[in-house]
Structure formats: structure tokens, C-alpha cells
Amino acid sequence: ITRILKKKIKKVIVTDYHVQCMVVSRYAHTTVQSSVWNQLPITKEAAFEVDLPSSAFISNFSIISNGKDYVAHVKERMAARKIYDAAKKQGKTAGLVATKEREIEKFRVAVSVPPGSHVSFSLTYEELLSRKLGRYELTLGLQPGQPVQNLSVDVRITEQSGLRFVKALPLRTRDEVPPSTQIKQSSHCAHVHYNPSLQQQKSLSPKGLNADFIVQYDVEVRDLIGDIQTHDGYFVHYFAPRDLPVIPKDIIFVLDISGSMIGTKMKQTKQAMSTILGDLREGDFFNIITFSHRVQIWKKGRTVQASRQNIRDAKEFIRKISADGWTDINAALLAAAQFVNVRPSSSRSTRSPHRVPLIIFLTDGEATIGVTAGETILRNAQEALGSASLFGLAFGDDADYPLLRRLALENRGVSRMVYEDADAALQFKGFYDEVASPLLSDIQLSYLGQQAFEITRSFFPNYFQGSELVVVGQLKPAAKQLKVALTANDSKQKCAGVMEGAGSFVHRLWAYFTIKELLLAKLNSSDPLIQRLLVEKATNLSLRYNFVTPVTSLVVVKPDVDDTPKPTSPGGHSFIHCSVPVDGDPHFVIRLPKKDQRLCFTVDGEANDVLRLVEDTERGITVDGHLMLAPSKQDMPDRTRTYFDQITITVARNGAVGVTITLTLDSVVIDGEETVALSTSHSAAVTKPGVQVVINSHQGCWIRLKKDVIFLVLFHRYDHQSYLQMAHLGFYIAEGKGLSPHSQGLLGQFQHANLEVVQLQDPHAANFHHGQLRPGASLALGVLKHKDVLIPVSLQEKHLKDTLGKKHMDQCWVVPKVEVEKLLGLSYLSYVVDHI
């Protein structure tokens, strides 16, 4: 019997939802508050979600339940993890929040609400608003989850230099300013109030608001040197001169046209490029490079002036390009370098020293041919590009954003994600608009008289029309005047900046900037000792100012009426922590128990093999995974690549098979006393004795077995997959405490294993392999202790899929392939079973 389950689940009621934001001199302090009431006779889960800008730091979170206020604490990441784990062992609801490097950061927390009870959430975060295209933009995500009787947004803005304008934009789903929006503005202050009725909310969506409330404004500028504000020994310098002439540019557009760009992405790229080419000024010079496994240059050997005829020819060239082939990022960068880093005396040089050299580099994938090692690509680019500024655009989730980010950071530019939405062409064009009009280059802001110290970055490669440069620092107690020397475009100017009193936000802004720069410096450093010192300093500042940053976590604990929290969505932050996943080719990642470390190893499987991932005879749980063949990399044709295309989970009862759950990309089939087939394209839930299955449409499936055993299977799909990409499954042990200490299998054996890595300073202290000792191959060397076995390992930066989020860069102790069998204790064939 096959049936599709559809069940209407009643929710708790959101009684109040309020967003309050105070902006003082561009620094925004935002608090989101939500109150819920469980009117049902049973305990229900209440979730609180907020989309945060990528630049924001969370600074406070609390839960009010039964009249008690449970305040979260910012801790060093490992300390927060220990508190969280201890609370979970005691049967308490605990939330652990860390940051990810994404354009939008999703904060999510969920608690159990007893019948008739009220629970309130309060989240505070801080950010510095950036000036782009002549305006500051504040984005507030409204996600109450349902229409709310009492919903309001209040934004208060105070700017000492004066306000030029303030406006509220339409919500994402409408063309007009949201009804009930009120704006009150004076010369230096503004108040924006939004208080939609239930009917107005339902007219936008019957499920409640799920949109961004956006406020834009700009300030007056009274002095060329900018606006300097001080408070209690700290200063902030906002530098944004107006009415300067635009400097012509040499701009090279480098466009990925590999096979994964086929379809909508290529159409959107052509659309954006056609508009951009039409916006070039006549004094600009330009060229176009397209690349896949081949590099094609529109005008060989030179940039050409942006005349009408050249722009027409360039548009025709763009119109005719088509997507095909692999991705050679290194060759494309070197091709661009010949146009922006040519000595003026060279016969090939068309670049004037009075034009600013810029590269717009767009790709949607990873390097798959030619030079594919990230460190080599970075080194080649830095040597070749000279004084050119590179701006990287990562098109879609499959782009190698960590590589593009470092390319931009190391080559005087910035990077940005372009999301695969209907407005992708507008995102591309919008980014170009930000860098289309350079006004100054090589800007150095120097603070004279030794009055300032602990200053953040004060050299900037470019200043673009409509933007703003910001420097923050500390002042000596006797400082009365701050003299600033400005060097730009090979000219110098000195003037005294007038210091004005400001609010207490300035010292927090200094910490905010300093932490970000320390973490960027860590990203650019390859020296483990320097990296550790930078992390320690960033951690100390984060703890001092109560900021959730990439080196700290936020932990909150409250007594729980239900000691078995339900699985939460794979998206965003979750209470579920994946201790042992396998995802990809298959690459295994194990979290070491004593430190915040990971152990990585790879098993090269064979197509159609079935691998025993978990075998727990005491609990009656077995997990098997079927491998399918994937295309080999061109530079490693002899290496077999495989992915999982089917996962089977079997739960035994009284020595006999009780329930079998078979998961593929298309369906989840639960076979027991009756058979239930569920499509993975829709959300659904099935509960049977001892088994709970929850499908989040298109994303993944949670499987809860017995107590403290939760598995997660993710569905990896690609809209326009490249040659190397294949839709596949990823398997995670999200909660494994309920597995017995005698669990076996490729993953199961490590659930309770005692693993430890001891770092070594002397490379001769262990039998390291030649590849581990190559210069630049490892960040550190160590020995893995497992049972009575010692294995040489090396610390490396790896693309990991060990969380519920997207692939990311992090450090991992890597086991050499020749040592994997020693780690497993058995041969590969010992884990192969004859059926699934």
C-alpha cells in the first residue's frame, strides 16, 4: 500500500513582532523581538528566524520563558561547544550559534513551548552601513512566519553632518512604499515607522511577511577631508569627498563560459554585459576575455577605446558567445594580466598611467583544468597583475568563492556573490555600477603628530563615486586636533580635521573594524604561528565586546520540558551538530572530541559497490550506501570518482527486520508493516514506533531512531551541473550518542572512538611522507593516536562539507591515502557488502 501523507499542523501564535533599529553616524544597532503563545493542549515547538547581513555581528540574544530571562553568552568556540554539549546531556534545550561566511547569515533557534505558555525571543546585532552609489542602505528582514496582530518596525537615524534625504523602499513583492510607513525628518535626525495591519500583511502574503524592509539615506559633506568623530579616546574618520572628476579606466571583463554557464546564467550574463558596455565612458578603454578550457580574447594585444563602433562590435561578440567546456581560471587571469600590467615603454602598451586598471572576473565554478591548485593560482595572479584591482564575482553556489575572495583581497579589490535568481543580471550590473567611476587611486590617509594609534587600515587602492572610506583608531588623552595627510593620485594634501564629539558607539565600531581586519589578515597569512596570534587577538576582542564572530559562538541554555528536541531544518543554524558526515567523493570528516579539530580522509570506492557505513548490532541499526560512478578529473584520469546515489537504513526489532528506509534523490520509501512512499520534492513527515522521518522539500531528510540517534541525508542537486558535478546524496550522523560503543562500519566505528592529534615541531620526529614535507603542502605536521596506532598527518586548508550549510574552507588534519587502511583497521573490501 502506497500513500502520500498530508497533514495540517497547527502552529503556536506569534502575538508580537517588533524590529527596532538605532543608526548613529552609520553604525546600526538592531533588535528583533518576537513573542509566541501556545494555545494548543500539547507542547509545540516555536522557531525564531532572522536573516542577518553578512557584515553584522550578533551582540545579544535572550529567551524569556515562564517569566524567566535566559541570556545567551558569547564564548570562545570550544568553550561554547562544551557548555552546549553538557546542557544537552542534562536534557536541557540549548542553542549554539556560530557564524558562516555567506552573504546573508540565517539565525535560527527553536524551543519547546508547553500548553498555554508564552515565550519571547530577543536578538540584537550591530553593523556599519556601507555607502554605495551615493547612499547608505539598511536592510531589515521581516520573517514572523504568520500574520501578526502587533507588528512594527522603528528606525531612528542620527547623523551629525546632516541628512540629505531619507526614504523607505518598496517591499520585495510590491512597487510602492509599504502602506502605513511614516517618515519624519529634520536636518540631523529621522524616524521611520512601519506598522501594517493584519489585512495589509495578508495582502502581501497569507502566510505572513517574508520580505526585506529597506531604508536608504545619505549625509551632507562639509569638508574635503571628511567627518571625524571622537568619544572617550576613540575616533572614526569618514572620508567621502564629492564633486571630483571621474578618472578614465582600463577595464578588462573576464567571463566564464564553461559548460556550467549554459542556459539562464549565460543569458543573464549577456544581458548584463550589453547594458554595462553601453554605460562605458568615451575616455575608458576596455577588452573582453572569455574562458572555459580555452581562452578567447576579443581584441588581441590591446585595450580599445569605448567608441560607439567598438561598443557595437563588443556587443556583437558577447551575443555570439556560447557555453561549453571546463574551467581554466589560471589561464584567464594570466591573459587579463597582459593588458593591465604592461610597462609603458612596451610596444604593446595601450594603457595610460592616468587610467585606473580594473579587472571584472566572473565565474560560476571551480578550476577544473590547467592549474587547479588554489595556492598556485593565487601566487600566479599576484605576480602577474601588478597594480591592477581585481573584482571577483562568484555566480551561484558552486563557484569557488573562497578562492575568488582571496584573489580580490590580494589584488586590491573586493568579491561578491551573484545569486542564481531572476535578478542576477541586475546584481552583476549593480556591482559594476559601484566600481564604474573611480575618483581617486592609491589613497593614503595618515594621522600626523603621533596623536593616533591602533589605527585600522588607512591605505585604499581606489575610491569610487558614491562610496566612503572609513578609518577607526584610538587617540592619546591630550589630543585636541587630528591632522590628516592625504596622498592620492600621486599628489599630497595636508589639513587639520575638526574633531566632533560622538556617541559611545565609536569604541564598539573600532572593535568591529579591528576584528574584521584581524580575520582578513589570518585569511591572507600562510604562517601557522601568525594565524594563531591573529585568531587569539580577534577572540579576545570578540569576547570583550560580546560579538559573535568566526572565532566565537553564542550559547544559551534553558530547562526543557521535553528532553528530546525535534530535528530542525537543515538550513541556517540548528541545534543539531553533525559529528561524522560523509559527503562527496566519498570524503570523510571526523570531529575530534578533545579539540575543535577535524580529521579528513578519502576512500576511493568502486562504482556499484555497497559500503557499510554504520553497523550497530546492539541497537539493531544498519546503514548502507550505494556508489555510482562520476567523471574523472582530466588531470587524474586513473582515479575513480564516486558518489552515493542510494542510502538504506535498517532498524531491527527482536532480531528481525522492523523498518527499512530507502532514500534516493527522488523518493523516500519506508517499508515496515505497510509501505509509505514519499516524494523528495515536497515536505512530509511520517512517525512509526521508534522511527520518525521528516522531509524538508528539495533539501534533505531527517531520520530519528530510538533515543539520541538522528541521521540526516542531504539531497545535492544542480540546476546547470558542470562536467564534474553530479546530483548525489550526503549522509550525516547528526546525533550519535545513542549508538553503542561497539558500533562498526566506515562511520560508526568513530562515533565513540578516542582519537587525538599531537602537533609536532620537528618534521623528523615521525615517518612523514614525501608529499607532506613539500614546501607549502602543510600548515602543520602531527601524529594521530588511534588505539595502538600512530599515523603521520598534516594540517591543510580544505573545502569541507561537514556542516549542514554549503561547502566551506576550513582546516583539517589529513590522513595520507596510504595510511587510510591503517586508520580503518581493515581493508576497503571489508566494508563492502553484497547488497543494499
Side-chain angles (χ1 to χ4, degrees), residues 88-89 564 567 576-583 586 588-593 599 601 603 605-606 608-627 644 646-664 668-673 675 686-693 701-713 729-755 786-789 820-836:
K88 298 302 287 182
K89 286 180 180 178
T564 55
I576 304 299
H577 169 67
C578 292
S579 58
V580 186
V582 57
D583 205 342
F588 294 79
V589 183
I590 301 170
R591 289 184 182 268
L592 301 179
L599 186 72
F601 65 95
V603 174
E606 295 292 334
N608 295 317
D609 277 354
V610 178
L611 299 183
R612 179 60 48 89
L613 302 178
V614 178
E615 184 175 10
D616 188 347
T617 54
E618 291 186 22
R619 302 290 186 266
I621 298 172
T622 302
V623 182
D624 294 330
H626 179 269
L627 296 175
F644 286 113
Q646 183 176 323
I647 301 290
T648 298
I649 301 169
T650 304
V651 184
R653 288 192 198 138
N654 301 321
V657 174
V659 177
T660 299
I661 305 166
T662 304
L663 302 100
T664 66
V668 177
V669 178
I670 304 150
D671 200 359
E673 294 179 358
T675 299
V686 173
T687 301
K688 290 180 174 292
V691 177
Q692 182 187 31
V693 177
C701 179
W702 297 87
I703 302 98
R704 175 188 288 276
L705 310 173
K706 305 182 182 294
K707 182 180 179 180
D708 291 333
V709 178
I710 302 174
F711 298 144
L712 170 65
V713 176
L729 303 176
F731 176 76
Y732 296 69
I733 301 178
E735 178 64 80
K737 294 186 180 70
L739 293 172
S740 76
H742 304 294
S743 297
Q744 294 299 311
L746 273 169
L747 293 179
Q749 65 180 307
F750 297 110
Q751 187 57 46
H752 299 286
N754 184 17
L755 299 168
H786 176 42
K787 299 179 181 176
D788 296 326
V789 176
V820 169
E821 189 169 313
K822 185 189 294 186
L823 171 67
L824 297 177
L826 297 169
S827 67
Y828 168 83
L829 291 177
S830 301
Y831 296 95
V832 178
V833 294
D834 58 2
H835 66 280
I836 192 164

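Since the model is a prediction, treat every value here as computed from it, not as a measurement.
Side chain of R619 to backbone of G738: a donor-acceptor contact under 3.5 angstrom is found. With hydrogens and angles ignored, the 3.5 Å screen pairs a side-chain donor or acceptor of H752 with a backbone N or O of L739.
Judged as a side-chain contact (heavy atoms from CB on, under 4.5 Å), and not counting sequence neighbours, the contacts of V820 are F601, V603, V815, L824. With sequence neighbours left out, T662 forms a side-chain hydrogen bond (donor to acceptor under 3.5 Å, both in side chains) with no residue at all. Every residue two or more places apart in sequence or in another chain was checked for a side-chain hydrogen bond (donor to acceptor under 3.5 Å, both in side chains) with T617, and none qualifies. The side-chain hydrogen bond (donor to acceptor under 3.5 Å, both in side chains) search around Q744 returns none, not counting sequence neighbours. For H742, the side-chain contact (heavy atoms from CB on, under 4.5 Å) test picks out E618, S740, with sequence neighbours left out.
Going from atom CG of L613 over to atom CD1 of I733 covers 8.5 Å, rounded to the nearest 0.5 Å. In this structure, F731 CZ and L746 CG are separated by 11.5 Å, a value rounded to the nearest 0.5 Å. To the nearest 0.5 Å, atoms CG (L712) and CD1 (I647) are separated by 11.0 Å. Atom OG1 in T664 sits 12.0 Å away from atom NE2 in H626 (nearest 0.5 Å). Distance check, rounded to the nearest 0.5 Å: CD of E615 to OG1 of T622 gives 5.5 Å. Here CG of L705 is found 12.0 Å from CD of E735. Values are rounded to the nearest 0.5 Å.
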- Task: Would you check, one step at a time, whether the test side chain to side chain contact (heavy atoms under 4.5 Å, CB included) holds for I703 with Q692?
- Result: CA-CA 6 Å; I703 302 98; Q692 182 187 31; over 6 Å; no
The test is side chain to side chain contact (heavy atoms under 4.5 Å, CB included); show your working for V589 and L599 and say whether it passes.
CA-CA 6 Å; V589 183; L599 186 72; over 6 Å; no
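When all heavy atoms of L823 and H786 are compared, the pair lying nearest together is O-CD2, 3.5 Å. Across E606 and Y828, no two heavy atoms sit closer than the pair N-OH, 3.2 Å. Heavy-atom minimum distance, L663 versus L729: O-CD1, 3.4 Å. Nearest heavy atoms, S743 versus G748: CB-O, 3.6 Å. Between L627 and G605 the shortest heavy-atom distance is CD1-CA, 3.8 Å.
V659 is listed as a side-chain neighbour of I670, based on a closest heavy-atom distance under 4.5 Å. In this structure, the side chains of W702 and V693 stay at 4.5 Å or more apart for every pair of heavy atoms.
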